[in-house]
Amino acid sequence: QVQLVESGGGLVQAGGSLRLSCLVSQSRFNIYLMAWHRQVPGKRREQVALITSIGRTNYADSVRDRFTISMDNARNTAYLEMNNLKPEDTGAYYCRSILGATEYWGRGTQVTVSS
């Protein structure tokens, strides 16, 4: 059973930084991609960052040049470095991974950015 567990969320002031982590429970499998999404209650989740197995990255325009997604293969952990945070970055952040043809989701970690 593959599980994704996010951590690192919290309360931060505008302009501050956080680093989110997503731990994948199983090692030695091929990960096609990992991504971070965020969701505000009443709205659909939006993808904010993605990294593929060949290192290609995609970012939502709203976070480009502020967020950086990365992967530590030895630790089976993906990261989202979040810099210069804005109040509109507030939301529940979810890790998503595709292994083979199967998509997995974490349960989320809350990020709140105060003005």
Side-chain angles (χ1 to χ4, degrees):
Q1 176 76 282
V2 174
Q3 297 185 37
L4 278 58
V5 181
E6 302 98 333
S7 62
L11 175 64
V12 65
Q13 294 181 346
S17 300
L18 286 173
R19 183 175 68 176
L20 306 183
S21 299
C22 175
L23 175 65
V24 181
S25 64
Q26 298 291 325
S27 62
R28 297 182 180 273
F29 51 69
N30 293 324
I31 301 174
Y32 179 68
L33 65 83
M34 298 197 73
W36 287 94
H37 298 241
R38 69 186 175 196
Q39 184 173 27
V40 176
K43 297 183 179 295
R44 295 183 61 83
R45 292 181 187 180
E46 62 172 343
Q47 182 177 290
V48 298
L50 175 148
I51 185 167
T52 73
S53 60
I54 61 172
R56 177 178 173 84
T57 57
N58 287 318
Y59 296 96
D61 289 342
S62 60
V63 308
R64 194 181 310 276
D65 299 324
R66 298 188 298 117
F67 291 11
T68 302
I69 187 170
S70 62
M71 179 70 186
D72 185 337
N73 290 304
R75 293 176 171 81
N76 300 122
T77 303
Y79 301 96
L80 185 67
E81 295 279 353
M82 309 164 67
N83 299 311
N84 191 24
L85 284 160
K86 304 176 180 180
E88 53 263 43
D89 294 320
T90 293
Y93 283 71
Y94 296 86
C95 181
R96 176 174 68 95
S97 182
I98 296 178
L99 292 72
T102 305
E103 183 180 76
Y104 300 90
W105 286 88
R107 294 187 176 184
T109 184
Q110 179 68 32
V111 172
T112 302
V113 184
S114 62
S115 300

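Throughout, numbering of the chain's residues begins at 1 and tracks the sequence. For the numbers below, each heavy atom of this structure counts, side chains included, while hydrogens, waters and symmetry mates do not.
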Look at the side-chain heavy atoms of Ile, Leu, Val, Met, Phe, Trp and Tyr, link any pair under 4.5 Å apart, and say whether [X] and [Y] land in one connected group.
{"X": "L23", "Y": "L99", "result": "no"}
{"X": "W36", "Y": "V12", "result": "yes"}
{"X": "I98", "Y": "L80", "result": "no"}
{"X": "I51", "Y": "Y104", "result": "yes"}
{"X": "Y59", "Y": "M71", "result": "yes"}

Subject >> Donor-acceptor pair between R38 and S62 side chains, under 3.5 angstrom >> reply: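 A pair is found: one side chain offers a donor N or O, the other an acceptor, under 3.5 Å apart.
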
What's the spacing between [X] [atom1] and [Y] [atom2] if we round to 0.5 Å?
{"X": "R44", "Y": "H37", "atom1": "CZ", "atom2": "NE2", "value": "11.0 Å"}
{"X": "T57", "Y": "L33", "atom1": "OG1", "atom2": "CG", "value": "12.5 Å"}
{"X": "N58", "Y": "Q47", "atom1": "CG", "atom2": "CD", "value": "7.0 Å"}

Original post:
Ignoring hydrogens and geometry, is there a side-chain-to-backbone donor-acceptor pair from E6 to G108 under 3.5 Å?
Top reply: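 Checking the backbone N and O of G108 against the side chain of E6, a donor-acceptor pair under 3.5 Å is found.
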
Original post:
Sub-3.5 Å donor-acceptor pair from the side chain of Y79 to the main-chain atoms of T68, do we have one?
Top reply: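 Looks like no, no N/O pair under 3.5 Å.
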
Taking all atoms of both residues into account, what is the closest heavy-atom pair of [X] and [Y], and its distance?
{"X": "S53", "Y": "I31", "value": "CB-O, 3.3 Å"}
{"X": "I69", "Y": "A35", "value": "CD1-CA, 4.2 Å"}
{"X": "G8", "Y": "T109", "value": "N-OG1, 4.2 Å"}
{"X": "V48", "Y": "V63", "value": "O-CG2, 3.3 Å"}
{"X": "N83", "Y": "S17", "value": "OD1-OG, 3.0 Å"}
{"X": "P87", "Y": "S115", "value": "CG-OG, 3.6 Å"}

Original post:
Applying disulfide (SG to SG under 2.5 Å), which residue pairs with at least one partner in residues 45-96 are found, sequence neighbours left out?
Top reply: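 Sorted pair list: C22-C95.
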
**OP:** Please write out which residues are connected to Y94 in a hydrophobic cluster, directly or through intermediates, given that two of Ile, Leu, Val, Met, Phe, Trp, Tyr count as joined at side-chain heavy-atom separations below 4.5 angstrom.
**Re:**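 Grouped by the 4.5 Å side-chain rule, W105 form the rest of the cluster around Y94.
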
**OP:** Scan T77, V5, V2 and name whichever one has a side chain to side chain contact (heavy atoms under 4.5 Å, CB included) with V24.
**Re:**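 Exactly one candidate clears the test, V2.
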
Is the shortest side-chain heavy-atom distance between [X] and [Y] below 4.5 Å?
{"X": "F67", "Y": "L18", "answer": "no"}
{"X": "T90", "Y": "Q110", "answer": "yes"}
{"X": "L50", "Y": "R96", "answer": "yes"}

**OP:** Answer yes or no: are there more than 12 heavy-atom neighbours, outside R75 itself, under 6.0 Å from its atom CZ?
**Re:**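 Atom CZ in R75 is not packed in, count stays at 12 or less.
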
Subject >> Presence of salt bridge, R64 and D61, under 4.0 angstrom >> reply: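 Salt bridge between D61 and R64, a charged N being under 4.0 Å from a carboxylate O: yes.
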
